[in-house]
Structures are given as structure tokens and as C-alpha cells.
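Heavy-atom basis, side chains included; hydrogens, waters and symmetry copies ignored.
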Number of protein chains: 2
Amino acid sequence: MTVRAAVEAVRRSLEDDPARAVAHLRTEAQLVGVTQVTVRMGSHEVTVDEPKSVGGTGAGASPIQLALAALGSCQAITYRYWADILGLRLDGVIVRVEGDVDLRGFFGFDPNVRPGVSAVKCLITLEGPEDADRYQKLIIAVDAHCPVLDIFTRPVHVERHVKLTWGAA
Amino acid sequence: MTVRAAVEAVRRSLEDDPARAVAHLRTEAQLVGVTQVTVRMGSHEVTVDEPKSVGGTGAGASPIQLALAALGSCQAITYRYWADILGLRLDGVIVRVEGDVDLRGFFGFDPNVRPGVSAVKCLITLEGPEDADRYQKLIIAVDAHCPVLDIFTRPVHVERHVKLTWGAA
């Protein structure tokens with residue numbers, strides 16, 4: 001099944017039952033070492049850790065690297081879908097995502113420094129035979145529909161609930 | 001080296017040379033299948049894909065799942081660091097992150113639906129022997145300093161540059 005056929009199948013499925021449009025995602029992150037975390041996402045798993053320079057063991061990418069990876073992969077996949085939706089040929093996509101993290105924010109050394117990333121850049125290389133103006137339309141469509149770009153650029157409300165348990169090992 | 005000792009070492013290092021505070025992160029995402037992406041983050045790598053229900057092969061977690069994994073692991077690690085900074089014992093951390101994605105946003109079926117996530121919840125379980133009010137201080141410190149929570153809840157400016165190449169395989 002092509003991506004475009006999959007999109008059409010989803011459209012027909014939602015016409016029959018609009019409630020199918022919403023996917024409920026669940027992940028679970030467990031601290032398993034000093035700063036090492038195992039995250040389960042359905043049948044997939046990823047190891048996250050801090051580098052040795054800040055006291056971790058470097059067993060995996062850091063959470064911020066993972067957030068940048070989510071952005072880059074989301075851009076690449078959204079280019080794939082929207083090229084097919086718009087009927088454009090696209091032979092290759094590479095997305096480099098760069099960002100700066102100022103440790104003074106995370107460690108609380110300076111309350112004026114944000115703990116997150118700044119100077120975030122996506123450097124996108126598209127390979128294909130179409131005219132440049134057709135790819136311009138694609139770029140506009142991708143920027144309007146990329147889910148993780150939306151998470152980065154527009155505020156997302158995040159509820160937090162904490163449960164305390166007593167049961168030291 | 002304990003996490004707290006690492007934080008102190010970073011503090012002293014930054015007193016000597018404040019320019020060391022900023023880490024430049026780089027990731028590269030390459031489309032390698034229909035919707036499958038390989039992301040390199042320094043020496044680490046992750047496979048990202050869409051599920052079969054929308055035309056992918058399910059070879060990895062989706063970009064939005066990865067973004068939620070980044071949030072959950074970042075919360076867990078920030079609890080670790082700030083418990084040590086505040087001198088609290090913390091024996092275990094599990095963070096479940098849930099979120100809803102409405103496919104009508106991503107596929108452009110409804111321009112009023114955001115492509116990203118909504119109803120994001122972090123359900124955090126902390127295990128340890130301290131009094132509840134001490135953990136309340138920890139929760140406040142974590143929410144103020146968690147980098148990926150900052151990315152989700154406050155807008156991040158993302159520059160985008162696209163290069164077109166002609167070179168079909």
C-alpha cells in the first residue's frame with residue numbers, strides 16, 4: 001500500500017467513524033541507573049541517558065537529543081506523506097536538526113536562562129526531479145502539518161500528577 | 001562521581017569559562033524506507049517509523065511517541081538531578097506520558113485541528129522515604145528546570161532552511 005493509498009483509507013475510515021481520528025499514545029519512562037532511563041512506547045523501547053560530562057554514563061542519547069530526533073524524523077516523514085498527497089516525486093530527504101542547550105538553565109545557575117533549547121535549526125535536503133516551485137508548495141504544506149514542529153513552536157498544555165510511594169529497596 | 005558532584009564540577013568549570021555552558025547538539029534524520037527514518041545523535045542511533053495503520057512498516061516508534069519519550073525521560077532525569085541538588089533521597093522514578101493525536105490535523109482533513117498532541121499528561125510515581133512537603137519542593141524545582149517540559153509548554157523558535165538537489169537514483 002502506498003502512503004497516498006493509506007491516507008485515502010484513513011479518510012474513508014474516518015467518514016464511517018470520526019472517533020477513529022484520535023489515537024491515544026502512551027509511553028512509560030523508568031529510571032534504571034544513576035541517570036539512565038528505559039522508555040517503553042508500545043512494542044518499542046529506547047535507552048536515554050546523560051553524557052559522562054554531567055554525571056551520566058552515556059548509555060543512550062539525552063532527552064533533548066531525543067526531542068531533536070523527534071523533530072527531524074517528523075519533518076522527514078511529513079515530507080514523505082505530503083509529497084505523496086500533493087503528487088510530487090521525492091527521492092530523498094535528510095533533515096539535520098541543531099540546537100543549543102545552556103546548562104545554566106537546567107542546573108538553576110541562572111534563573112534568566114531557559115532550561116530548554118535555543119537556536120534550533122532544521123537544515124533540510126530534498127532530492128527529486130520536480131520544479132522548485134512545486135517543492136515550495138510542499139515546504140508550506142509540511143510546515144503547516146508537521147506534528148512535532150507544532151509541539152516545538154506552539155505551547156502544549158501538559159498536566160502533571162505526582163504520586164508518592166514509600167517502599168525503599 | 002555522584003550526580004551532585006558532577007553538578008558542582010560543572011559549576012566550577014563554568015566559573016573558569018562561562019562559554020562552556022552552551023552545548024551545541026546535532027542530529028541527522030534520513031528517510032531510508034517508505035516512512036522509516038534513521039536518526040543519528042552523536043554515537044547513538046534510533047529508528048523511527050509510522051505504524052502499518054497509516055502506511056508505514058512499524059519498524060520503530062513514531063516521531064510523536066519519541067517526543068513523548070523525550071518528555072518522560074527528561075522528567076525522570078530532572079527528578080534525579082534535583083533530588084540530589086536539594087539533598088533528598090529518591091529511590092525510584094517512573095513517568096508515564098500520555099497524549100492524544102488527531103489524525104485529521106496531520107493529514108489536513110480539518111484545518112481547525114492541530115497536527116500535534118493534545119491532552120498531554122505526565123503521571124509521575126516517586127519512591128522514597130522523605131516527608132511529602134520535601135517532595136513538594138522537589139516537584140516545583142523539576143517543573144521549573146525540566147528542559148523538554150520547557151520545549152512542550154513554551155514556544156521554541158525553529159529556523160528552517162531547505163536545499164533542493166537533483167540527483168534521482
Can we call the ring centroids of A/Tyr81 and B/Phe106 under 6.0 Å apart?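 Aromatic pair counts; centres sit under 6.0 Å.
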[X] vs [Y] side-chain heavy atoms within contact, under 4.5 Å:
X: A/Arg114; Y: B/Arg154; value: yes
X: B/Pro115; Y: A/Asp150; value: yes
X: B/Val101; Y: A/Pro147; value: no
X: B/Asp100; Y: A/Leu25; value: no
X: A/Phe107; Y: B/Leu14; value: no
X: A/Ile151; Y: B/Val117; value: yes
X: B/Leu66; Y: A/Met41; value: yes
X: A/Val97; Y: B/Arg26; value: no

Select one option (side chain, backbone, both, neither) describing which atoms of [X] are under 4.5 Å from chain B's heavy atoms.
X: A/His24; value: both
X: A/Val120; value: both
X: A/Val148; value: side chain

Which heavy atom of B/Ala29 sits nearest a heavy atom of A/Ser73, and at what distance?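 Minimum heavy-atom separation between B/Ala29 and A/Ser73: CB-N, 3.8 Å.
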For B/His44, which atoms come within 4.5 Å of any heavy atom of chain A: side chain, backbone, both, or neither?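 Looking at B/His44, just its side chain touches chain A.
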Counting only heavy atoms closer than 4.5 Å, note whether B/Ala59 contacts chain A via side chain, backbone, both or neither.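 B/Ala59 touches chain A through backbone heavy atoms alone.
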Could you walk me through whether B/Thr27 and A/Arg96 pass the side-chain contact (heavy atoms from CB on, under 4.5 Å) test, one step at a time? CA-CA 6 Å; B/Thr27 67; A/Arg96 277 174 49 203; over 6 Å; no
